[in-house]
Amino acid sequence: MSDLVVVNCRQVVTLAGPARARTGAEMRELAIIADGALVARDGRILKVGTRAEIERLASADAEIVDAGGRVVLPGFVDAHTHPVFAGNRADEFEQRAAGATYAEIAARGGGIRSTVRHTREAGEADLLAAARRYRGWFLRGGTTTIEAKSGYGLTTADELKILRVIRELGAEGSLRTAPTFLGAHEVPDEYRGRRRDYIRLLIEEMLPAVWREGLAESCDVFCEPSVFPVEEARGILEAARALGFRIRMHADQFSADEGSLLAAEMGADTADHLEATTERGWTALAAAHVQPVLLPASVYCLGTHRYPAARQMIERGLAVTLGTDFNPGSSPTTSMPLVLSLAVTQLKMTCAEAITAATINAACSLRRGGRVGSLEEGKLADFAIHDCDDYRELPYFFGRDTARAVYIGGVRQIW
Ligand code: NIG
Ligand code: FE
């Protein structure tokens, strides 16, 4: 493969810096190279610098891409998605507008359990076809890596089916995936009234099967008093950790602190949502170095107005991270540019903090900080050319997908 050279970039937003998640004032340092260029060789970044420096290094047969004075960013790393499901829930979306709440819809058998019914009926090929369609959407927003959860199967066979789809999607090479097992997303219909049996199935059958097949690196639990309360969540996560899974958690989406305290106790990599978290939870997460993954698009879409307290978290030294929470219920969006906009307008993050949270911090939350999330020598050549003159325009001109070209390992994916 010949070298790939990208020139004429008004800004190359490199995020170069320490090889760990960024906290505090570090989140505002983007290490931008003005009028920059980069060269990639064998799928990795060889150098980022001025055009003259780059052209000196590149081989004579290099492919030259003119960015047209646009802005180059590392591919976004979306730290929380549920991308494999059948059907959608546009009907519930409309019911919520008419006044029904997410919890009411769930209580009458809609919500997650409705997507589970459709997903169980779908074959692997159909699910893969749907996931490929969503992959195109992720790419158009400039995303190159997603954390991808199962959780709409809730039988051993259906969870394995979903995780195989995630593996296949990753193997196709057009979007990197970090798989997470979320069998504890909900108690399925057939276990209503005997939830302990479902938890036994999770612990004794599903977790070992997923681990044996190497289909997930992390385990997540929807920890919420009305879904999996702390005592149950702890049991599931301890079993997962004993097998070797790393831990991510849906925590404090609706009720305060229990989830975040458990995430801290378990030494989780991340605690996600945190809309209801208070001082107690933030302090525990900071002491245990758990990364908060904030998902403002789900707050927006549920219309609840309770956004997580990003400023307090940043002030306490937490390595704030962002994700879309792409799913058919609470957050049907793949757009990291939209999430950046919400981070600035609703979470009151600076544009630079939001971009750090969507790139290097997200990569570190997935233990991929040495490979993706910044444009530095030796890292994978995963980047996007965005149609703007300044990185702040990404959240500013909101509601559009900004990527003009997206490269994964130096290979162009769209347009
Ligand atoms: O992260 N909170 C739980 N899971 C998803 C919602 C999934 C769904 O509604 O299908 C979330 O918001
Ligand atoms: Fe989620």
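For ligands, and for the atoms within them, numbers begin at 1 and follow the listed sequence. Since the model is a prediction, treat every value here as computed from it, not as a measurement.
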Handout entry: Lys/Arg cation over aromatic Phe228: Arg195, 6.0 Å, 45° cone
Key = yes

Handout entry: Nearest protein heavy atom with distance in Å, relative to atom 4 (N) of ligand 1
Key = His185 NE2, 2.9 Å

Exercise for the section: Determine whether any heavy atom of Asp325 lies closer than 4.0 Å to an atom of ligand 1. Expected result: yes

Exercise for the section: Give the numbers and elements of all ligand 1 atoms closer than 4.0 Å to a heavy atom of His80. Expected result: 1 (O)

Exercise for the section: Taking atom types as modelled, find out whether Ser330 and Asn327 have a side-chain donor-acceptor pair closer than 3.5 angstrom. Expected result: yes

Problem - Contact partition for Tyr152 relative to ligand 1, non-hydrogen atoms under 4.0 Å - result: side chain

Handout entry: ligand 1 atoms in contact with Arg89 (distance to a heavy atom under 4.0 Å)
Key = 8 (C), 9 (O), 10 (O)

Handout entry: Near-ring test Tyr152/His185, centroid separation under 6.0 angstrom
Key = yes

Handout entry: Face-on cation placement of Arg194 at Tyr191 ring, 6.0 Å and 45° thresholds
Key = yes

Fill in the blank from the handout: Going by the 4.0 angstrom heavy-atom rule, the piece of Ser298 near ligand 1 is neither

Exercise for the section: Run the contact test for Glu224 against ligand 1 with a 4.0 Å cut-off on heavy atoms, strictly below, and give the result. Expected result: no

Practice task
Verify the neighbour count for atom CD of Glu279: are there more than 12 heavy atoms of other residues, nucleotides or ligands below 6.0 Å?
Solution key: yes

Problem - Under 4.0 Å to a heavy atom of Ile112 - the qualifying atoms of ligand 1, by number - result: 7 (C), 8 (C), 9 (O), 10 (O)

Problem - Protein heavy-atom partner closest to atom 2 (N) of ligand 1 - residue, atom, separation in Å - result: Gln253 OE1, 2.7 Å

Practice task
Please state whether the rings of Tyr134 and Phe85 are parallel, tilted or perpendicular, taking 30° and 60° as the class boundaries.
Solution key: parallel

Practice task
Rounded to the nearest 10 degrees, what's the angle NE2 of His80 makes with OD1 of Asp325 at the Fe ion (ligand 2)? Could you check?
Solution key: 80°

Problem - Glu224 side chain vs Ser255 backbone, donor-acceptor pair below 3.5 Å - result: yes

Fill in the blank from the handout: min-distance protein heavy atom vs atom 3 (C) of ligand 1 -> Phe222 CE2, 3.2 Å

Completion exercise
Counting from 1 in the order shown, the ligand 1 atoms closer than 4.0 Å to a non-hydrogen atom of Gly329 are 9 (O), 10 (O)

Fill in the blank from the handout: Residues passing the ring pair (Phe, Tyr, Trp, His ring centres under 6.0 Å) test with Tyr391, sequence neighbours excluded, are none

Practice task
Report the nearest protein non-hydrogen atom to atom 12 (O) of ligand 1: residue, atom name, distance rounded to 0.1 Å.
Solution key: Ser330 OG, 2.6 Å

Exercise for the section: Using a strict cut-off of 4.0 Å, indicate which atoms of ligand 1 neighbour a heavy atom of Tyr102. Expected result: 6 (C), 7 (C), 8 (C), 9 (O)

Exercise for the section: Identify the heavy atoms of Asp220 and Met249 that sit nearest to each other, and give their distance. Expected result: OD1-CA, 3.3 Å

